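Written out below as structure tokens is the structure these notes cover.
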Amino acid sequence: MSDSRPIRVRFAPSPTGNLHIGGARTALFNWAFARKMGGSFILRIEDTDRERNSQESLDSILNSLRWLGLDWDEGPEVGGDFGPYSQSERSECYSSAATKGLEEGWLYRCFCSPERIQKLKEEKLAAKENPHYDRCCRALCREESSLRSESGESFVLRFSVPDDEEIIIADHVRGEVKFHSSQVEDWVAVRSTGMPTYNFVCALDDAAMEISHVIRGEEHLVNTPKQVLMSRALGLQEPDFVHVPLILGQDGKKLSKRTGDTAVGDYKEKGYPPEALFNFLSLLGFSIDDETTIFGSEKLVSAFELSRINSSGAIFDTDKLAWICGDYIRACSAEALTERLLPFIKRAGFQVEEGEEEWLLRVVASYQERIGLYSDFPEMASWLFEGSVEVDKKAAKALRADGAAAVLMEIVKRLEAESNFPPQEFDSWIKSLSEELEIGMGNLMKPIRARLAGTLGGPPVGEMMALLGKEKTLARLQAT
RNA sequence: GGCCCCAUCGUCUAGUCUGGCCUAGGACACCAGGUUUUCAUCCUGGCAACAGGGGUUCAAAUCCCCUUGGGGUCACCA
């Protein structure tokens, strides 16, 4: 299974949408393996489906990959010696292989109409048989086949699957997986449009690009025999296979849009730190040991082993992701966190004036352990950016409490009498005030919080006052 | 339904290959305490799993078989 050729792995997305969480994890494993082994990580664009490709999708996938910190050694935008890296640009390769296949007989023209195929499948299904193509056109002689194609009749090229052959896939995570060729359909290798299909092109490109290990999702396991058969027909060297377990939604089924956000871009928009998503994804179907859960890319690379990839599916646990995010946010420096927060602050429409950098840093620091996501920040700290305060339910209740108004008036008076703002040793200052006025701490602090921020949570009250400044603090405390 | 894959706390997992150190470890979540003016953080403790049944063996979470359960896949998508 292993040989000494250079390690070359690839991630091969098709540009028909955004980068999916599952795809990202696959890319991550490929990347980690390449980096660990000192090999190459190649990005190949599988754009043989003209109908659904789009440049926007490609851009978005590339951006998501970069956002996660995954860089590629060969592929779009960086080139390489095994290009082109978009399948739409490799047609010569494919057509020469197709010609060869036709000559050698492992490909044949099929003139059956889509209607006939459709009907055939329905009948077979009704009879509870495998709905495979009946190989009708395989019996056509060469002369008739060429004649009909020359006369302009539409056809596809099918792969002529051997009758009785054992196909053993040596998979790094699953061991030997056996298939029998009788279970494999004479699949379409080249469409009637002349465009080749995935299975045809995949084996060809993997060989042409000298891919040593195909690391991909388990959903590909069942069409691996088709690719192996291709390799055999062409005498190509087969790559090693590594089928990683699926990422499942909360319902235990393959993660899909129904169960939540599936695009990496969604997580970026929602303010997840990329390092946290990276970390979390690394933990799905893989583990370093029995206790390491928080780690970055360097650690992953040094610890990565194919043998540590799990074989069973993993549910995408958003609670754990949230916890990891919080952990990253807390561990971050206030400066770096501020940098990350800036786009979210701007998006919320808040202005940070020149000269306020220090202040912003302090605001961020005071919220650092309180936010779970970058996007939590603008909402939680809005009272510092906006002129008016929106009072929530609990805060309103605190303001309606007996004596609240009187307490606030008293506080204002005391604050004005102090030479420092906020009073030094605020904690003891307020505590002694509470004792002197014989008012519980809660009854003292809640109305202040309510007036200042409109909510009962947030940083320590002294810090809130410092952040707001004397003028605004007094104004808000006296608001009606 | 055919074929293929999988099976340890609710979840992610360690342990499985190379049986004994496992009265099964960690983390998330949850619950209970503690710290705290609030929120959050943090600390302590608790709950909680080898799917079932047969073998093999002195010994099985670990090896084999069956059952059950879950998933994937059956396109001129990738």
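Letters go in sequence order (proteins before strands), and every chain restarts at 1. Small disclaimer: the values here were computed from a predicted structure and weren't measured.
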With a 3.5 Å limit on both atom pairs, tell me what B:rA60 is paired to, counting Watson-Crick and G-U wobble, or say none.
none

pair_partner(B:rC3), Watson-Crick or wobble, both distances < 3.5 Å, evaluates to B:rG72

Give every residue pair that meets the side-chain hydrogen bond (donor to acceptor under 3.5 Å, both in side chains) criterion with at least one member in residues 315-325 of chain A, sequence neighbours excluded.
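Non-adjacent pairs meeting side-chain hydrogen bond (donor to acceptor under 3.5 Å, both in side chains): zero.
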
Gap in Å between the two [atom1] atoms, one belonging to [N] and one to [M], rounded:
{"N": "B:rC5", "M": "B:rC43", "atom1": "C1'", "answer": "44 Å"}
{"N": "B:rC28", "M": "B:rA14", "atom1": "C1'", "answer": "15 Å"}
{"N": "B:rC17", "M": "B:rC63", "atom1": "P", "answer": "5 Å"}
{"N": "B:rC9", "M": "B:rC47", "atom1": "C1'", "answer": "10 Å"}
{"N": "B:rC21", "M": "B:rG15", "atom1": "C1'", "answer": "12 Å"}
{"N": "B:rC3", "M": "B:rU67", "atom1": "P", "answer": "12 Å"}
{"N": "B:rA51", "M": "B:rU13", "atom1": "P", "answer": "16 Å"}
{"N": "B:rU68", "M": "B:rG52", "atom1": "P", "answer": "16 Å"}

Under 3.5 Å, is there a donor on one side chain and an acceptor on the other for [X] and [Y]?
{"X": "A:Asp261", "Y": "A:Tyr267", "value": "no"}
{"X": "A:Arg109", "Y": "A:Ser145", "value": "yes"}
{"X": "A:Asp289", "Y": "A:Thr292", "value": "yes"}
{"X": "A:Asp59", "Y": "A:Gln55", "value": "yes"}
{"X": "A:Gln87", "Y": "A:Asp47", "value": "no"}
{"X": "A:His243", "Y": "A:Thr224", "value": "yes"}

Please tabulate, for side-chain N and O atoms in residues 368-381 of chain A, each donor-acceptor pair with protein atoms closer than 3.5 Å (sequence neighbours left out).
{"from": "A:Gln368", "atom 1": "NE2", "to": "A:Ile329", "atom 2": "O", "distance (Å)": "2.8"}
{"from": "A:Gln368", "atom 1": "NE2", "to": "A:Arg330", "atom 2": "O", "distance (Å)": "3.4"}
{"from": "A:Gln368", "atom 1": "NE2", "to": "A:Cys332", "atom 2": "O", "distance (Å)": "2.6"}
{"from": "A:Arg370", "atom 1": "NE", "to": "A:Ser366", "atom 2": "O", "distance (Å)": "3.0"}
{"from": "A:Arg370", "atom 1": "NH1", "to": "A:Gly458", "atom 2": "O", "distance (Å)": "3.1"}
{"from": "A:Tyr374", "atom 1": "OH", "to": "A:Arg340", "atom 2": "NH1", "distance (Å)": "2.8"}
{"from": "A:Ser375", "atom 1": "OG", "to": "A:Lys270", "atom 2": "O", "distance (Å)": "2.5"}
{"from": "A:Asp376", "atom 1": "OD2", "to": "A:Gly372", "atom 2": "N", "distance (Å)": "2.9"}
{"from": "A:Asp376", "atom 1": "OD2", "to": "A:Leu373", "atom 2": "N", "distance (Å)": "3.0"}

Atom-to-atom span, [atom1] of [X] to [atom2] of [N] - whole angstrom:
{"X": "A:Arg116", "N": "B:rC76", "atom1": "CZ", "atom2": "P", "result": "13 Å"}
{"X": "A:Leu399", "N": "B:rU38", "atom1": "CG", "atom2": "P", "result": "18 Å"}
{"X": "A:Phe295", "N": "B:rC12", "atom1": "CZ", "atom2": "C1'", "result": "11 Å"}
{"X": "A:Ile411", "N": "B:rU37", "atom1": "CD1", "atom2": "P", "result": "15 Å"}
{"X": "A:Leu452", "N": "B:rC39", "atom1": "CG", "atom2": "P", "result": "17 Å"}
{"X": "A:Met195", "N": "B:rA78", "atom1": "CE", "atom2": "C1'", "result": "12 Å"}
{"X": "A:Glu123", "N": "B:rC74", "atom1": "CD", "atom2": "P", "result": "21 Å"}
{"X": "A:Glu425", "N": "B:rU37", "atom1": "CD", "atom2": "P", "result": "14 Å"}

Assign each of A:Leu283 and A:Val461 to its nearest nucleotide of RNA chain B by heavy atoms, then name whichever residue's nucleotide is nearer the 5' end.
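So the residue in question is A:Leu283.
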
On RNA chain B, nearest-nucleotide positions of A:Asp251 versus A:Lys226: which is more 5'?
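Looking at the nearest nucleotide for each, A:Asp251 comes out on the 5' side.
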
Carboxylate-amine/guanidinium contact [X] [Y], below 4.0 Å:
{"X": "A:Glu436", "Y": "A:Arg414", "result": "yes"}
{"X": "A:Arg232", "Y": "A:Glu165", "result": "yes"}
{"X": "A:Lys119", "Y": "A:Glu115", "result": "no"}

Respond yes when some side-chain nitrogen or oxygen of A:Lys394 is under 4.0 Å from OP1 or OP2 of B:rU38, and no when none is.
no

[X] side-chain proximity, nearest of [options]:
{"X": "A:Ser14", "options": "B:rA78, B:rU37, B:rA75", "value": "B:rA78"}
{"X": "A:Leu246", "options": "B:rC12, B:rG72, B:rU38", "value": "B:rG72"}
{"X": "A:Asn199", "options": "B:rG72, B:rA78, B:rC28", "value": "B:rA78"}

Looking across every strand, which nucleic acid part, if any, lies under 4.0 Å from [X] by heavy atom: base, sugar-phosphate, or nothing?
{"X": "A:Ser192", "answer": "base"}
{"X": "A:Pro114", "answer": "base"}
{"X": "A:Lys253", "answer": "sugar-phosphate"}
{"X": "A:Gly217", "answer": "nothing"}
{"X": "A:His220", "answer": "base"}
{"X": "A:Arg308", "answer": "sugar-phosphate"}
{"X": "A:Leu284", "answer": "sugar-phosphate"}
{"X": "A:Pro13", "answer": "nothing"}
{"X": "A:Ile430", "answer": "nothing"}
{"X": "A:Gly252", "answer": "sugar-phosphate"}

Of A:Arg138, A:Arg158, A:Lys226, which is the lone residue that meets salt bridge (Lys or Arg N to Asp or Glu O under 4.0 Å) with A:Asp186?
A:Arg138

Could you run down the sub-3.5 Å N/O contacts of the protein with nucleotides 40-44 of chain B?
{"from": "B:rA40", "atom 1": "O2'", "to": "A:Glu369", "atom 2": "O", "distance (Å)": "2.1"}
{"from": "B:rA40", "atom 1": "N1", "to": "A:Glu369", "atom 2": "OE2", "distance (Å)": "3.2"}
{"from": "B:rA40", "atom 1": "N3", "to": "A:Glu369", "atom 2": "OE2", "distance (Å)": "2.6"}
{"from": "B:rC42", "atom 1": "OP1", "to": "A:Arg330", "atom 2": "NH1", "distance (Å)": "3.4"}

Enumerate the protein-to-nucleotides 21-26 of chain B contacts in which both atoms are nitrogen or oxygen and the separation is below 3.5 Å.
{"from": "B:rG25", "atom 1": "N2", "to": "A:Asp290", "atom 2": "O", "distance (Å)": "3.1"}

Taking every non-hydrogen atom, the tightest pair across A:Gly22 and A:His20:
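Residues A:Gly22 and A:His20, closest heavy atoms: N-ND1, 2.8 Å.
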
In 5'-to-3' order, the base (B), backbone-only (S) or no-contact (-) status of each nucleotide in nucleotides 1-9 of chain B, using a 4.0 angstrom heavy-atom cut-off, is -BSSSSS--

Looking at A:Gln424, I want to see if its CD is surrounded by more than 12 non-hydrogen atoms of other residues, nucleotides or ligands under 6.0 Å.
no

Results of ring pair (Phe, Tyr, Trp, His ring centres under 6.0 Å) for A:Phe159 - residues two or more places apart only
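Testing A:Phe159 for ring pair (Phe, Tyr, Trp, His ring centres under 6.0 Å), a comparison that skips the adjacent residues, returns A:Trp106, A:Trp187.
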
